Colleague: 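Here you go, one structure.
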Amino acid sequence: MTEAQVHNFLVWETIALSGVIFLFLLVRAAPYGRHYGGSGWGPHVSASVGWFIMELPATAFFWIVYVRGSQAGELVPILFLIVWQAHYVHRTFIYPLRTSNSGRRMPLIVVGPGFLFNMVNAYINARFISEFGHFDIAWLGDIRFQMGIGVFLAGMILNLHSDGILLRLRQSSQSGYEIPTGGAFRFVSCPNYLGEILEWAGWALATWSLSGLSFFLFTAANLIPRARSNHRWYHNTFDAYPPQRKALIPWVF
């Protein structure tokens, strides 16, 4: 098989896996965060260490793959590199530091598959934007690029702002969990997830690639059921939880 064929296979494998993951998570919530009981899932590490290990390939391996591409020095691929790393430098290095004092744990059964997925995902997206894709300077004026970058940035702002509200709430709460308020939490239980879904929807549009689409589908397959589980947990945990809030999409779901 040629590398292009291997790349195409991995993209379609990611799309197929998205469907499997979506169906599984509708039945059982992934064991981390509020859904991790602390036993029955094997060895575990601190949540901040787990997040760092999982996300590291999305920064480091993405860069390694990217710089080997024949188009790595061209303007549009460089912009895509900056956009990608803007998300993942925060997710890999800054976010774990902000949660390092939470005392939470994460099972290795979550960390391992997350690490492997990020290896594959980093490869298929980095290789596309710096080698298999074709982005000349005219792509900057294409409506798909402009709208995609706009959606990505809007999603990133929503994601960061919502994460900030949650982190401040955890730091001030003795129990670790309280009802979040302010920002987009006025409308949905998981605006941080909505923001991340929007980010990768924007990426898929801006790159106009099957690689980007596969990542968007995988993100949605993970976070839509997660939002549903979190929303149910909030209602079961807090009697005063606002009944008008939806799980993920304002006024819809």
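Remember, it's a predicted structure, so these values are computed and weren't measured experimentally. Along the sequence shown, the residues carry numbers beginning at 1.
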Colleague: With a 4.5 Å cut-off on side-chain heavy-atom distances among I, L, V, M, F, W and Y, is there a chain of contacts connecting Trp251 to Phe253?
Modeller: no
Colleague: Would you check if the side chain of Glu74 reaches a backbone N or O of Gln71 as a donor-acceptor pair within less than 3.5 Å?
Modeller: no
Colleague: Hey, is the main chain of Arg105 close enough, under 3.5 Å, to the side chain of His44 for a donor-acceptor pair?
Modeller: no
Colleague: Answer yes or no: is there a side-chain heavy-atom contact under 4.5 Å between Thr219 and Glu196?
Modeller: yes
Colleague: Could you state the interatomic distance from CG (Leu79) to CD1 (Ile149), rounded to the nearest 0.5 Å?
Modeller: 7.5 Å
Colleague: Do the side chain of Arg186 and the main chain of Gly183 share a donor and acceptor less than 3.5 angstrom apart?
Modeller: yes
Colleague: Given Trp203, which partner from the list Phe216, Phe215, Phe80 fulfils the ring-ring contact (aromatic ring centres under 6.0 Å, His included) test?
Modeller: Phe80
Colleague: Taking Phe185's backbone N and O only, do any of them form a donor-acceptor pair with Ser189's side chain (distance below 3.5 Å, no angle check)?
Modeller: no
Colleague: Tyr95 versus Leu167: any side-chain heavy-atom pair under 4.5 Å?
Modeller: yes
Colleague: Apply the test side chain to side chain contact (heavy atoms under 4.5 Å, CB included) to residues Val252 and Lys246: give CA-CA distance (whole Å), side-chain angles for both, the deciding distance (0.1 Å), then the verdict.
Modeller: CA-CA 7 Å; Val252 178; Lys246 298 297 183 180; 5.9 Å; no
Colleague: Within this structure, what is the CZ-CD1 distance for the pair Phe9 and Ile124, rounded to the nearest 0.5 Å?
Modeller: 11.5 Å
Colleague: Hey, quick one: are Leu223 and Val27 part of the same hydrophobic cluster, counting side-chain heavy atoms closer than 4.5 Å, chains of contacts allowed?
Modeller: no
Colleague: Return yes if some donor-acceptor pair links the side-chain N/O of Asn8 with the main-chain N/O of Ala4 below 3.5 Å, else return no.
Modeller: no
Colleague: In the single-linkage hydrophobic clustering (I, L, V, M, F, W, Y; side-chain heavy atoms under 4.5 Å), do Phe62 and Tyr88 co-cluster?
Modeller: yes
Colleague: Testing the basics here: between Ala122 and Pro57, what is the closest heavy-atom pair and its distance to 0.1 Å?
Modeller: CB-O, 3.6 Å
Colleague: Identify the heavy atoms of Ser18 and Ala221 that sit nearest to each other, and give their distance.
Modeller: O-CB, 3.2 Å
Colleague: Do Met106 and Val111 come within less than 4.5 Å of each other through their side chains, counting heavy atoms only?
Modeller: yes
Colleague: Is Val83 close to His87 at the side-chain level, that is, under 4.5 Å between some pair of heavy atoms?
Modeller: no
Colleague: Given Leu210 and Leu213, is the side chain to side chain contact (heavy atoms under 4.5 Å, CB included) satisfied, shown in steps?
Modeller: CA-CA 5 Å; Leu210 203 57; Leu213 178 63; 3.9 Å; yes
Colleague: In the single-linkage hydrophobic clustering (I, L, V, M, F, W, Y; side-chain heavy atoms under 4.5 Å), do Val151 and Ile224 co-cluster?
Modeller: yes
Colleague: Any side-chain heavy atom of Arg228 within less than 4.5 Å of one from Leu26?
Modeller: yes
Colleague: Determine whether a donor-acceptor pair (N or O, by modelled atom type, separation under 3.5 Å) exists between the side chain of Asn192 and the backbone of Asn159.
Modeller: no
Colleague: Look up atom CG in Asn230 and atom OG1 in Thr237, then write down how far apart they are to the nearest 0.5 Å.
Modeller: 10.0 Å
Colleague: List the atom of Pro225, the atom of Ala220, and the distance in Å for their closest heavy-atom pair.
Modeller: CD-O, 3.8 Å
Colleague: Are Ile157 and Leu166 linked, directly or through intermediate hydrophobic residues, by side-chain heavy-atom contacts shorter than 4.5 Å (ILVMFWY only)?
Modeller: no
Colleague: So Phe218 and Phe117, would you call those rings parallel, tilted or perpendicular, with 30° and 60° as cut-offs?
Modeller: parallel
Colleague: Taking side-chain hydrogen bond (donor to acceptor under 3.5 Å, both in side chains) as the cut-off, I'd like each qualifying pair that reaches into residues 129-151, sequence neighbours left out, listed once.
Modeller: Ser70-Glu131, Asp142-Arg144
Colleague: Identify which one of Trp200, Phe128, Trp63 satisfies the ring-ring contact (aromatic ring centres under 6.0 Å, His included) criterion when paired with Trp84.
Modeller: Trp200
Colleague: Check for me whether Arg245 meets the cation-pi criterion with Tyr241, that is, NZ or CZ under 6.0 Å from the six-membered ring centre and within 45 degrees of the ring axis.
Modeller: yes
Colleague: If you apply the rule side chain to side chain contact (heavy atoms under 4.5 Å, CB included), what do you find for Val120 with Leu116, and how did you get there?
Modeller: CA-CA 6 Å; Val120 172; Leu116 292 175; 5.9 Å; no
Colleague: Quick one: OG1 on Thr207 to CD1 on Ile129, what's the gap to the nearest 0.5 Å?
Modeller: 8.5 Å
Colleague: Test your reading of the model: is there a side-chain donor-acceptor pair from Thr92 to the backbone of Glu55, 3.5 Å cut-off?
Modeller: yes
Colleague: Is the closest side-chain heavy-atom distance between Tyr234 and Tyr177 below 4.5 Å?
Modeller: no
Colleague: Within the supplied structure, the quantity of interest is the number of heavy atoms (other residues, nucleotides, ligands) at a distance under 6.0 Å from Ile109 CD1; does it exceed 12?
Modeller: no
Colleague: Can you tell me how far CZ of Phe61 sits from OH of Tyr123, rounded to the nearest 0.5 angstrom?
Modeller: 8.5 Å
Colleague: Evaluate the salt bridge (charged side-chain N to carboxylate O under 4.0 Å, His left out) criterion for residues Asp163 and Arg91: first the C-alpha distance (whole Å), next the side-chain angles of each, then the deciding distance (0.1 Å), finally the verdict.
Modeller: CA-CA 11 Å; Asp163 272 348; Arg91 182 60 67 181; 3.4 Å; yes
Colleague: To the nearest 0.5 Å, how far apart are CG in Asn118 and CD1 in Ile53?
Modeller: 12.5 Å
Colleague: On a heavy-atom basis, which atom in Ala227 and which in Cys190 lie closest, and how many Å separate them?
Modeller: CA-SG, 3.7 Å
Colleague: Do Ile137 and Leu140 make a side-chain contact, defined as non-hydrogen atoms from C-beta onward lying under 4.5 Å apart?
Modeller: yes
Colleague: Given side chains that start at C-beta, do those of Leu248 and Val188 come closer than 4.5 Å, heavy atoms only?
Modeller: no
Colleague: Could you tell me whether a side-chain N or O of Ser214 sits under 3.5 Å from a main-chain N or O of Ser211, the two making a donor and an acceptor?
Modeller: yes
Colleague: Heavy-atom count around His161 NE2 within 6.0 Å, excluding the residue itself: above 12?
Modeller: no
Colleague: Could you check Phe93 against Thr59 for side chain to side chain contact (heavy atoms under 4.5 Å, CB included), going step by step and ending with a plain yes or no?
Modeller: CA-CA 10 Å; Phe93 299 103; Thr59 51; 4.1 Å; yes
Colleague: Does Arg127 reach the main-chain N or O of Tyr66 with its side chain, forming a donor-acceptor pair under 3.5 Å?
Modeller: no
Colleague: So, for Leu25 and Ser229, which heavy atoms are closest and what is the spacing to 0.1 Å?
Modeller: O-OG, 4.5 Å
